[in-house]
Amino acid sequence: MDLSLMNKEQKKAIRTTEGPLLIMAGAGSGKTRVLTHRVAYLLGEKEVPARNILAITFTNKAAREMKDRVAALVSEGAENMWISTFHSMCVRILRSNINHLGYENSFSILDPTDQKSVVKDILKRRNLDIKQHNPRGIIGFISDKKNQLIRPEESIRDAAAYPDTLYSEIYHDYQQILYRNSALDFDDLIMLTIELFDKEPKVLEYYQNRFQYIHVDEYQDTNHAQYRLIRQLAAKYRNICVVGDSDQSIYKFRGADITNILNFEDDYPEAVVIKLEQNYRSSKNILDAANAVIKNNTERKPKALRTDRDGGPKLQNLVADSERGEAEEVVRNILDLSGKYSYSDMAILYRTNAQSRAIEDTLVKSNIPYKMVGGIKFYDRKEIKDLMSYLKVILNPNDDISFERIVNTPKRGLGPKTVDKLKAHGQNTGISIFEAIKESDFIGIPKTAVVKLMGLVDLLEKLQQKARFITITELVDEVLKTTGYMEMLEAEKTIESRSRIENLEEFKTVTSEFDRDNEISDDLLFTFLSDMALVSDQDGVEDDSGVTLMTMHASKGLEFKIVFIVGLEEGIFPSRRVAYDDKELEEERRLMYVALTRAEDQLFLSRANSRMIYGKTETNMQSRFLAEIPETLMDGGSSFEQNGFFTSNSRKKQAPKRSRVVTNNSGVSFSIGDKVEHKKFGDGIISAIKGEGDSQELDIIFTKVGVKRLLANFAPIEKKE
DNA sequence: CGGCAAAAAGGCATT
DNA sequence: CTTTTTGCCG
């Protein structure tokens, strides 16, 4: 195999095939190339059978790419290799073994909306106020527990105080409902696989023998459960290669545990550690900026990326008055560069999906093609969810959650009353709604409804029969026709119903693509549904031309010649809710680092002096991250508003520019960056101004008590100096 | 029971 | 501001 284009460390990483290996791979250090070559090396030079190799990637897209690249390097066998995400891997394992845990092998996978409806149901049944206990928070609680591998019983036992005691009870109910429905949420996929391995050593041993060489990419973003799963699998052969960069850990909010990578050498004392610090992606200015920013984090192992590329153009700093102006600035630069670069070389990155709107509008007006990653997902649309629910019920009739969705869609005269009765009966006797229907004659449901219910069951059972012999596309057509769903939409004749029909047509291009790659078998529908449940936001990106719009999170692992990072304002990025917590702030800074290092040739950093947020005009000072980039690397700083408060070490301090002046009762005017004294809270500095007139509010960071939002007119504050 | 309008709530990143 | 929920009326 030809490794002549690799540097010394890369070669070593490829050839170190036995025993634990930690590859600390900086951004753009060619880690994907190393990983693919390492796998190819195992296959080609070491003659390891493909079936003994496992590679875990962060997204399905990355998995597909890796598969293709390995296939290009070796003559045969690549298709027997497992290259997938944690979740897809677990689905495959559970599909053949979850019966050991009492679930049906044709289990359903819950999406977040389904989760929410389960929790709401529980709250309702317990007569709890939805306003006091917001389902989102409870789902987060449950998710945390599962990522920590804490079972409901344990959670109840260990809960120290309210509301943990209550939420643990809800977790218990939740898990029981899922079990009865043979439904799994995303976290269950991992947790139950571990439980399966604990309970059935033979099954674990089978997979240990199968996966003798294990690779995990983006190891810094694994959570505790994923960590444990890998430990189980690797325990026998200990050929475990993990790749990651602690500076790019950005998923703490969903349980990622950075200590997994930091403590790898403790877990595997014999581990070989290789650092890849040569960057092949970015120009020197970009890399210097990224290094300068990440240097401000205290919780990290020192590391500095090198590049042989020259300085390249300086980073461009764009400042506008509003979010609309910001979008126009970005578009102007896109047009400027469109001669030299194609649109697909460019990406616009933002902190939150809500920021995309102004940019989208401006792109549309300027006739610039673009594609958006994430945001309102195609699969979240009502008609797609309805159709998916039909398919889920066909596969798993015990899935009450999906059944409830479709029982009266299209309208069949089966309203909430009837459904409640069925549910109550099901809960009392421990059967699913689907089964309860068969007894509906006896539980006080009116004759007319019983007839309709029987018709529905009959319809679904017929579809179930057919499903085994036809493609997914044919099944979709069959569902839309026999259930009357399409008829309902066609009868509506509104603009909305037309667009729904179009979306369903588009969905069929997805199914026909799937049908092209998959044979008809008993597994077909299950595979389709679990594939759909696990599609990641990045998965749809590969196609055609156009500027890419996405969150900085979604940009991980990607690269673009030109990158725009927008909304570099305190309160936006770093986000307001983390801005004064050191740990979380460091995670935001890592996110900035990830965003910066996506760029190859040129980087634009933009912000708006004020912008509309939730219907109010907010005025925020520039992001501290901007101030962390040395001025010498940046252009366009003339209108660059500076503020000494957050600037790091050597930065020159200037008087803050007054972006807005307001007056309070006593005739004192405030502007961003002003130092103030509050009667109770003491000294502070104004970080943001929101709204107008009497309702104008100030965000003030107080030295003693942190950030407070106060009314400019009434707060007992005085300007200092 | 179903449809629409008014009211209320939510508002960070995601497999 | 947008999306979801509630409540009322036909």
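Chain letters run A, B, ... following the sequence lines, proteins first and then strands; every chain starts at 1.
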Please work out whether the ring planes of A/F58 and A/Y251 are parallel, tilted or perpendicular, with thresholds of 30° and 60°.
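If you compare the ring of A/F58 with that of A/Y251, the planes turn out tilted.
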Whole-Å distance separating the [atom1] atom of [X] from the [atom2] atom of [N]:
X: A/E569; N: B/dC12; atom1: CD; atom2: C1'; value: 15 Å
X: A/R412; N: B/dG2; atom1: CZ; atom2: P; value: 12 Å
X: A/M372; N: B/dT14; atom1: CE; atom2: C1'; value: 14 Å
X: A/R351; N: B/dT14; atom1: CZ; atom2: C1'; value: 12 Å
X: A/Q226; N: B/dT15; atom1: CD; atom2: C1'; value: 8 Å
X: A/R357; N: B/dG11; atom1: CZ; atom2: C1'; value: 14 Å
X: A/R136; N: C/dT4; atom1: CZ; atom2: P; value: 13 Å
X: A/N134; N: B/dA8; atom1: CG; atom2: C1'; value: 15 Å

Of all the nucleotides listed ([options]), which has the minimum atom distance to the side chain of [X]?
X: A/K411; options: B/dG2, B/dT14, B/dC12; result: B/dG2
X: A/T85; options: B/dT15, B/dC1, B/dT14; result: B/dT15
X: A/N408; options: B/dC1, B/dT15, B/dG2; result: B/dG2
X: A/A554; options: B/dC12, B/dG11, B/dT14; result: B/dT14
X: A/R254; options: B/dC1, B/dC12, B/dT14; result: B/dT14
X: A/R577; options: B/dC12, B/dA13, C/dC1; result: B/dC12
X: A/N353; options: B/dC12, B/dT15, B/dT14; result: B/dT14
X: A/Y251; options: B/dT14, B/dG11, B/dT15; result: B/dT14
X: A/H87; options: B/dT15, C/dT5, B/dC1; result: B/dT15

5'-most by nearest nucleotide on DNA chain B - A/I250 or A/G413
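Here A/G413 is the residue nearer the 5' end.
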Roughly how far, to the nearest 0.5 Å, is CZ of A/R590 from NZ of A/K252?
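Nearest 0.5 Å value for the NZ-CZ distance: 7.5 Å.
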If you measure from NZ on A/K67 to CD1 on A/I83, what distance do you get to the nearest 0.5 Å?
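That separation rounds to 6.0 Å.
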Taking all non-hydrogen atoms of both residues into account, name the closest pair between A/Y179 and A/L101 and its distance.
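Closest approach of A/Y179 to A/L101: CE1-O, 3.5 Å.
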Which heavy atom in A/G255 sits nearest to a heavy atom in A/N223, and how many Å separate them?
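Smallest heavy-atom distance, with atoms named: O-CB, 3.0 Å.
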Classify the side-chain pair [X]/[Y] by whether it contains a donor and acceptor separated by less than 3.5 Å.
X: A/S108; Y: A/N396; answer: yes
X: A/N260; Y: A/Y219; answer: no
X: A/Q248; Y: A/D221; answer: no

B/dG11 OP1/OP2 closer than 4.0 Å to side-chain N/O of A/R576
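No, because none of the side-chain N or O atoms of A/R576 sits under 4.0 Å from OP1 or OP2 of B/dG11.
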Please check the phosphate of B/dT14 (OP1 and OP2 only) for any side-chain N or O of A/T551 closer than 4.0 Å.
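For A/T551, the contact criterion (side-chain N or O under 4.0 Å from OP1 or OP2 of B/dT14) is met.
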According to a cutoff of under 5.5 Å between the ring centres and under 30° between the ring planes, does A/Y614 stack with the base of B/dG10?
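According to the criterion (under 5.5 Å, under 30°), no, A/Y614 does not stack.
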Could you check whether A/K120 gets within reach of a base, just the sugar-phosphate, or nothing at all, counting any heavy atom under 4.0 Å?
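Result for A/K120 = sugar-phosphate.
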Map every base of DNA chain B to its dot-bracket character, where paired means a Watson-Crick or G-U wobble contact with both distances under 3.5 Å and | marks a partner outside the strand.
||||||||||.....
Taking atom C1' in both B/dA13 and C/dT4, compute the distance separating them and give it to the nearest angstrom.
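Going atom to atom, C1' in each nucleotide, I get 22 Å.
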With rounding to whole Å, what would you report as the distance between B/dC12 and C/dT5 at their C1' atoms?
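Their C1' atoms lie roughly 23 Å apart.
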Apply side-chain contact (heavy atoms from CB on, under 4.5 Å) to residues A/Q175 and A/R151 and explain how you reach the verdict.
CA-CA 9 Å; A/Q175 205 57 6; A/R151 307 270 12 202; 3.6 Å; yes
